[in-house]
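Chain letters run A, B, ... following the sequence lines, proteins first and then strands; every chain starts at 1. All figures in this text were calculated on a predicted structure; none of them were measured in a lab.
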2 protein chains.
Amino acid sequence: MSAQMSIAGPEETHSAPTLSAVAKLAGVSSITVSRVVRLPDLVAPETRGRVEAAMRELGYVPNQLAVGLARARTRSIGVLVPTIANSIFADTVQGLSDELEPLGYAVILAQSRYDDAREDHMLSALLSRRPEAIIMVGSPATEDGARLLRRAGIPVAETWDLPAAPIDAVAGFNNYEAGVAVARHLVERGRNNLAFIGGDDPRATRRWNGFNDTAQALGAKAPRRLVLDRNASGSVVALAELPGVDAVFAANDAHAIGFMSGLRKAGLLRDGPAAEQPVAIIGLGDLEMGRLIAPSLSTIRVNGDAIGRTAAQLILTRQGPRHIDLGFELVLRDSG
Amino acid sequence: MSAQMSIAGPEETHSAPTLSAVAKLAGVSSITVSRVVRLPDLVAPETRGRVEAAMRELGYVPNQLAVGLARARTRSIGVLVPTIANSIFADTVQGLSDELEPLGYAVILAQSRYDDAREDHMLSALLSRRPEAIIMVGSPATEDGARLLRRAGIPVAETWDLPAAPIDAVAGFNNYEAGVAVARHLVERGRNNLAFIGGDDPRATRRWNGFNDTAQALGAKAPRRLVLDRNASGSVVALAELPGVDAVFAANDAHAIGFMSGLRKAGLLRDGPAAEQPVAIIGLGDLEMGRLIAPSLSTIRVNGDAIGRTAAQLILTRQGPRHIDLGFELVLRDSG
DNA sequence: CATCGTAATGTTAACGTTGTCATTTGCCAT
DNA sequence: ATGGCAAATGACAACGTTAACATTACGATG
């Protein structure tokens with residue numbers, strides 16, 4: 001695919017009808033048509049009827065670009081996520097979009113793919129669309145990105161984390177404490193040989209830090225950390241690289257389920273309760289799947305949908321607290 | 001939340017710098033700045049340097065709304081999906097977005113939530129942003145929606161199905177034949193008491209039709225159809241409503257895994273191969289999870305990522321075939 | 001009956017860019 | 001010297017809409 005490639009044109013270029021096309025057909029001026037759309041009470045019923053008929057006949061759809069230019073309000077918001085296919089963030093996009101779409105906002109979606117340069121690029125591309133706010137997972141990875149957002153002078157919501165120096169609003173949870181909670185639970189249950197598997201993005205790293213610090217403080221062996229690529233299948237073979245491990249914290253449920261599959265192949269998975277598992281495994285995210293499989297997956301539950309809805313509300317108003325900790329919950333099931 | 005709610009304003013309203021703000025600072029006219037951005041070769045190196053410095057100093061980001069208005073090319077595409085959260089469609093959005101973002105296109109995302117009225121509304125909202133193309137899952141549910149798309153005069157890609165009378169381009173697979181393949185497989189393996197569980201959207205219904213027609217043609221008992229709400233948990237208890245069933249086709253893998261969980265509780269799930277399962281279960285989508293759980297999930301594999309990429313390519317060009325059948329594949333594992 | 005208010009409609013100038021023509025240089029060939 | 005030409009830059013009108021002000025018609029008011 002060449003970079004000059006562009007959208008194919010329609011067979012017949014009948015460009016969309018404009019306000020003045022409708023006006024001409026209805027025998028009024030364009031501003032009257034505009035009023036029929038926005039302030040129908042100001043237009044005489046008889047005139048309004050004629051205009052509405054003309055709009056229907058031509059299939060008039062207002063041009064939001066022009067509206068946005070004229071009013072300096074685009075009714076759109078930019079959303080930046082690392083990836084959308086990895087459903088942990090899909091819930092958040094769904095949540096914020098359910099909150100915003102009924103209000104007439106369009107969601108402009110961009111993916112950084114965990115790539116700092118691409119993140120900056122997408123941020124700038126997003127901003128060039130003049131969204132009224134930006135919602136992103138995490139914080140800008142570079143100072144350039146942060147500066148871009150600050151200069152834009154629009155509400156910004158950072159999510160899925162609690163950054164120390166946020167740009168504006170925050171809707172997330174404490175990733176470090178999540179790691180602490182998991183390590184404490186595992187060590188208290190007598191596990192001694194811990195490992196952390198997952199990505200090495202900032203949020204995963206914060207979980208690792210909490211996990212590592214706590215495990216060592218409580219007297220367990222120094223945990224190992226295995227950085228895996230993004231798809232769960234990689235974690236199936238992780239076991240081979242962790243000889244002697246008796247408890248694993250996975251950065252997300254997909255990795256946890258992949259690792260469970262590896263344990264099963266190695267004959268190290270029991271159908272019984274957590275105490276009987278040769279290797280305990282705890283995930284993060286609380287995917288619906290985790291509840292349905294056997295053994296059921298213990299996990300740090302994070303409400304991605306609520307994060308999205310909260311972020312939406314934060315950018316809709318300046319009242320009230322700007323930094324919201326949605327918390328997490330250690331949900332214990334059969335895996336650890 | 002009231003409907004009049006709107007984005008909170010920034011503390012200090014320093015609206016974004018414009019072309020002419022940069023021009024003034026650099027001591028040139030706005031058109032020269034415009035050329036530095038688009039056609040740098042036309043500007044003398046010395047001037048260009050001054051302009052670039054001014055752009056950097058002001059943090060200039062071009063206003064794509066104005067560009068779009070002036071050039072009648074918005075470099076954006078509208079994407080309409082039923083839902084984005086834990087669904088097979090996230091892969092498609094990821095795929096098309098990976099294809100389109102590097103080319104400078106913005107993805108405007110909208111969800112219909114399987115609601116016909118909302119779909120029409122979102123279609124119209126999308127079109128008001130003047131996207132250069134529309135990619136949607138399925139086909140417009142109403143004639144109004146179809147008319148809207150046809151009148152827009154832009155490329156339209158319908159996906160995840162092979163509509164009989166498509167508006168323009170198609171990237172999907174034959175849902176009816178998927179149902180046929182599953183029914184044939186199950187009946188040939190000696191299953192006789194079949195059921196179909198899942199939603200009742202048009203695509204699921206087409207799968208059901210193929211499934212039902214084929215099962216009966218091959219002499220099995222008339223299959224039952226159980227319509228469930230959208231989340232997988234509903235399918236956990238589906239078993240109770242299907243006494244005597246010995247094979248189930250689920251409209252997607254999430255439902256299949258939910259149903260498996262119900263089978264497990266009922267003691268009707270074996271760790272062995274498909275032939276030993278009291279109740280065979282086959283899903284659709286080939287979620288990574290399905291491969292990792294035990295027993296592993298048999299499924300109709302559909303490449304959602306390829307659907308998205310293909311749809312993107314179809315709207316980027318008019319050459320070549322406009323209707324692409326990406327096919328599907330019956331992947332047999334331990335569940336049925 | 002002149003004045004005023006109000007309902008209904010219209011005019012004009014933005015919004016920030018780009019396309020389409022100028023215009024100003026300086027230099028080269030004649 | 002002089003016309004011609006290219007390189008560099010600029011003026012101005014679009015693009016489709018809205019904000020702010022202007023105009024009309026007409027019945028009510030003193």
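Boundaries of the chain A contact region on DNA chain C are C:dA8 to C:dG16, first to last in 5' to 3' order (nucleotide atom under 4.0 Å from a heavy atom).
For the pair B:K24 NZ and D:dT9 C1', the computed distance is 20 Å after rounding to whole Å. Taking atom CD on B:Q64 and atom C1' on D:dG16, their separation rounds to 17 Å, with Å as the unit. Taking atom CD1 of residue B:I31 and atom P of nucleotide D:dC12, one finds them 13 Å apart after rounding to whole Å. Rounded to whole angstrom, the span from the CZ atom of A:R35 across to the C1' atom of D:dG16 amounts to 16 Å. Distance, A:L42 CG to D:dA19 P: 12 Å, rounded to whole Å. Look at CZ on B:R38: it is 17 Å from P on D:dA8, rounded to the nearest Å.
A donor-acceptor pair is defined here as one N or O able to donate and one able to accept, closer than 3.5 Å; no such pair exists between the side chain of A:E99 and the backbone of A:G308. When atom types are taken as modelled, the side chain of A:R118 and the backbone of A:Q111 share a donor-acceptor pair closer than 3.5 angstrom. Using a distance-only test at 3.5 Å, with no hydrogens or angles considered, a donor-acceptor pair links the side chain of A:R48 to the main chain of A:V43. Under the 3.5 Å distance criterion, the side-chain polar atoms of A:E132 are left unmatched by any main-chain donor or acceptor of A:I154. Side-chain N or O atoms of A:T92 include none that pairs as donor or acceptor with a backbone N or O of A:D305 at under 3.5 Å.
Among the protein residues, B:T47 comes within range of the sugar-phosphate backbone only, with heavy atoms under 4.0 Å from sugar or phosphate atoms but none that close to a base. A:A44 comes within 4.0 angstrom of sugar-phosphate atoms only, judged by non-hydrogen atoms across all strands, and of no base.
For D:dT9, neither phosphate oxygen OP1 nor OP2 lies less than 4.0 angstrom from any side-chain nitrogen or oxygen of B:T32. Within the 4.0 Å cut-off from OP1 or OP2 of D:dT17, at least one side-chain nitrogen or oxygen of A:Y60 is found. Put simply, A:R71 has a side-chain N or O that comes within less than 4.0 Å of OP1 or OP2 on D:dA19.
With salt bridges taken as basic N to acidic carboxylate O contacts below 4.0 Å, one links B:R113 and A:D98. Ionic pairing of B:R318 and B:D168 is present here: one or more N-O contacts between side-chain nitrogen and carboxylate oxygen are shorter than 4.0 angstrom.
Using modelled atom types and a 3.5 Å distance limit, the side chains of B:T142 and B:D120 yield a donor-acceptor pair. Residues A:T74 and A:Q64 have side chains that never bring a donor and an acceptor to within less than 3.5 angstrom of each other.
Comparing the axis of the opening five pairs of the helix from C:dC1-D:dG30 to C:dT30-D:dA1 with that of the closing five pairs yields an angle of 60°, rounded to 10°.
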